[in-house]
Amino acid sequence: MLLRLPTSVPEAQQCLADGAVPIGGATLLWATWQRDGFPELAVSLRQVPEANVVGPETLGGAVLLHRIDATVPDVLRLAAATIGTGAVRRTATVGGNIVGSTLRCLLPPALALDARATVLEPDGVREADLAEVVAKRPVLLGLRWRTPLASAYRKLPAEPGGEPPLVVASALYAEDGGRRRLRVAVRDGYDVLTGTTRCDTGTGAGDALGALRDTALGDLPATAWETVRPQVTGLLEGSGRN
């Protein structure tokens with residue numbers, strides 16, 4: 001297998017046009033390749049600057065999970081810190097987790113932040129929503145979002161050999177006119193559900209939770225709401241960390 005390491009977006013586009021298979025840390029692909037055979041040509045974005053950004057409102061697709069720090073909102077930082085072991089986080093990438101993984105632990109935080117994806121294709125770069133990224137699995141160049149007032153994340157302990165652990169991610173945003181908007185994303189099993197509600201200054205947690213029950217989150221089991229409820233309450237009544 002020949003691995004290409006482009007140093008610019010145009011070079012990476014040409015690699016894709018040449019049929020190169022994209023890889024990140026290859027933590028998910030290696031076992032498959034050992035079983036089915038290695039591709040002739042692969043490409044990694046680890047030397048493309050745009051894919052390696054870690055900022056308050058952007059995160060590159062080639063960023064290793066252990067590099068995700070307090071520069072980004074809490075909801076992303078906390079999520080990255082719970083993925084796998086330290087060895088996994090030093091090799092796995094943002095793009096590999098969201099596009100290549102079946103668990104996609106970074107997807108609920110990205111959805112809570114209402115993030116948009118920048119994807120790389122042989123004929124150019126374009127913006128896409130996360131639903132398309134999950135469905136079509138393009139090459140993820142990066143994520144962009146707007147800085148929230150506050151955000152929160154929790155992953156419940158996993159049962160050995162059982163279903164994926166419940167994940168709850170939320171973000172609170174300032175809107176025009178002093179209004180606020182709350183977004184919550186929950187991974188229940190392999191499904192990820194989202195809900196959004198406006199909560200003006202003075203809106204209590206009970207009212208916000210009632211509004212969220214009228215969204216797709218209303219289909220969650222009662223056990224999931226036991227985690228959603230305190231997180232939403234803490235976010236609305238908390239210190240305002242992002």
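Only this structure's heavy atoms are used, side chains among them; waters, hydrogens and symmetry mates stay out. Please read these numbers as outputs of a predicted model, since none were measured by experiment.
In this structure, L236 and A208 approach most closely via the heavy-atom pair CD1-CB, 3.7 Å. Contact between A169 and Y153 at its shortest, heavy atoms only, is CB-CD1, 4.1 Å. Contact record, M1 with A42: SD-CB, 3.8 Å, taken as the closest heavy-atom pair. Across all non-hydrogen atoms, the minimal contact from G55 to V72 is O-CG1, 3.5 Å. Between A117 and V133, the shortest heavy-atom distance links the atoms CB-CG2, 3.6 Å. Nearest heavy atom pair, residue P138 against residue V119, reads CG-CG1, 3.5 Å.
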(request) Just do the side chain to side chain contact (heavy atoms under 4.5 Å, CB included) check on V186 and V167 with the steps written out, would you? (result) CA-CA 6 Å; V186 179; V167 166; over 6 Å; no
(message) Is there a side chain to side chain contact (heavy atoms under 4.5 Å, CB included) between Q13 and V9? Walk through the geometry before answering.
(response) CA-CA 6 Å; Q13 286 177 232; V9 169; 3.5 Å; yes
(request) Could you walk me through whether I68 and V63 pass side chain to side chain contact (heavy atoms under 4.5 Å, CB included), step by step? (result) CA-CA 8 Å; I68 300 176; V63 171; 4.1 Å; yes
(message) Run N52 and R67 through side chain to side chain contact (heavy atoms under 4.5 Å, CB included) and show every step you take.
(response) CA-CA 10 Å; N52 285 278; R67 290 185 54 214; 3.9 Å; yes
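In this structure T82 satisfies the side-chain hydrogen bond (donor to acceptor under 3.5 Å, both in side chains) test together with K155, sequence neighbours excluded. Remark: Q231 engages S170 in a side-chain hydrogen bond (donor to acceptor under 3.5 Å, both in side chains) (not counting sequence neighbours). Judged as a salt bridge (charged side-chain N to carboxylate O under 4.0 Å, His left out), and not counting sequence neighbours, the contacts of R4 are D18. Shown here are the side chain to side chain contact (heavy atoms under 4.5 Å, CB included) partners of T227, two or more places apart in sequence or in another chain: R154, L156, L166, V168. Checked against salt bridge (charged side-chain N to carboxylate O under 4.0 Å, His left out), R116 has the following partners two or more places apart in sequence or in another chain: E127. Applying the side chain to side chain contact (heavy atoms under 4.5 Å, CB included) rule to R146 yields the partners E57, Y173, E175, R181; only residues at least two apart in sequence or on another chain are considered. Legend: residues meeting side-chain hydrogen bond (donor to acceptor under 3.5 Å, both in side chains) with T196, ordered by chain and number and at least two apart, are R183. Every residue meeting the side chain to side chain contact (heavy atoms under 4.5 Å, CB included) condition with E132, not counting sequence neighbours, appears here in chain and number order: R126, A128, D129, K136. V21 pairs by the side chain to side chain contact (heavy atoms under 4.5 Å, CB included) definition with W33, P39, not counting sequence neighbours.
The environment of CZ in R144 is sparse: at most 12 heavy-atom neighbours from other residues, nucleotides or ligands sit within 6.0 Å. Counted within 6.0 Å of CD on E40, heavy atoms from surrounding residues, nucleotides or ligands total 12 or fewer; the atom is thus considered open.
A donor-acceptor pair is defined here as one N or O able to donate and one able to accept, closer than 3.5 Å; such a pair exists between the side chain of R89 and the backbone of I83. Of the possible donor and acceptor atoms, none in the side chain of N97 sits under 3.5 Å from a partner among the backbone N and O of L103.
Going from atom OG of S151 over to atom CG of L182 covers 11.0 Å, rounded to the nearest 0.5 Å. One distance of note links CH2 of W225 with CG of L212; it measures 5.0 Å at 0.5 Å rounding.
Looking at heavy atoms from C-beta onward, D207 lies out of side-chain contact with T197 at the 4.5 angstrom threshold. Counting heavy atoms from C-beta outward, I23 and V43 have side chains that stay 4.5 Å or more apart. Proximity of E50 to S8: side-chain heavy atoms (C-beta onward) are nowhere separated by under 4.5 Å. R104 has its side chain out of reach of V192: every pair of non-hydrogen atoms, C-beta onward, lies at least 4.5 Å apart. Looking only at side-chain heavy atoms (C-beta outward), L172 and C199 come within less than 4.5 Å of each other.
Tracing side-chain contacts under 4.5 Å through hydrophobic residues (I, L, V, M, F, W, Y), one reaches L76 starting from V99; they form part of the same cluster. Cluster membership for L64 and L45, using ILVMFWY side-chain heavy atoms within less than 4.5 angstrom, is not shared. Under the 4.5 Å side-chain heavy-atom criterion for ILVMFWY residues, no single connected hydrophobic cluster contains both L140 and V48. In terms of hydrophobic clustering, with Ile, Leu, Val, Met, Phe, Trp and Tyr side chains grouped at heavy-atom distances under 4.5 Å, L78 and L65 are assigned to a common cluster. Under the 4.5 Å side-chain heavy-atom criterion for ILVMFWY residues, no single connected hydrophobic cluster contains both V139 and I98.
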Expected list for residues 105-113: side-chain donor-acceptor pairs under 3.5 angstrom, two or more places apart:
none

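Its side chain within the 4.5 Å cluster rule, L2 clusters with L41 among the Ile, Leu, Val, Met, Phe, Trp and Tyr residues.
Sorted by first and then second residue, the salt bridge (Lys or Arg N to Asp or Glu O under 4.0 Å) pairs involving residues 214-229 (not counting sequence neighbours) form an empty list.
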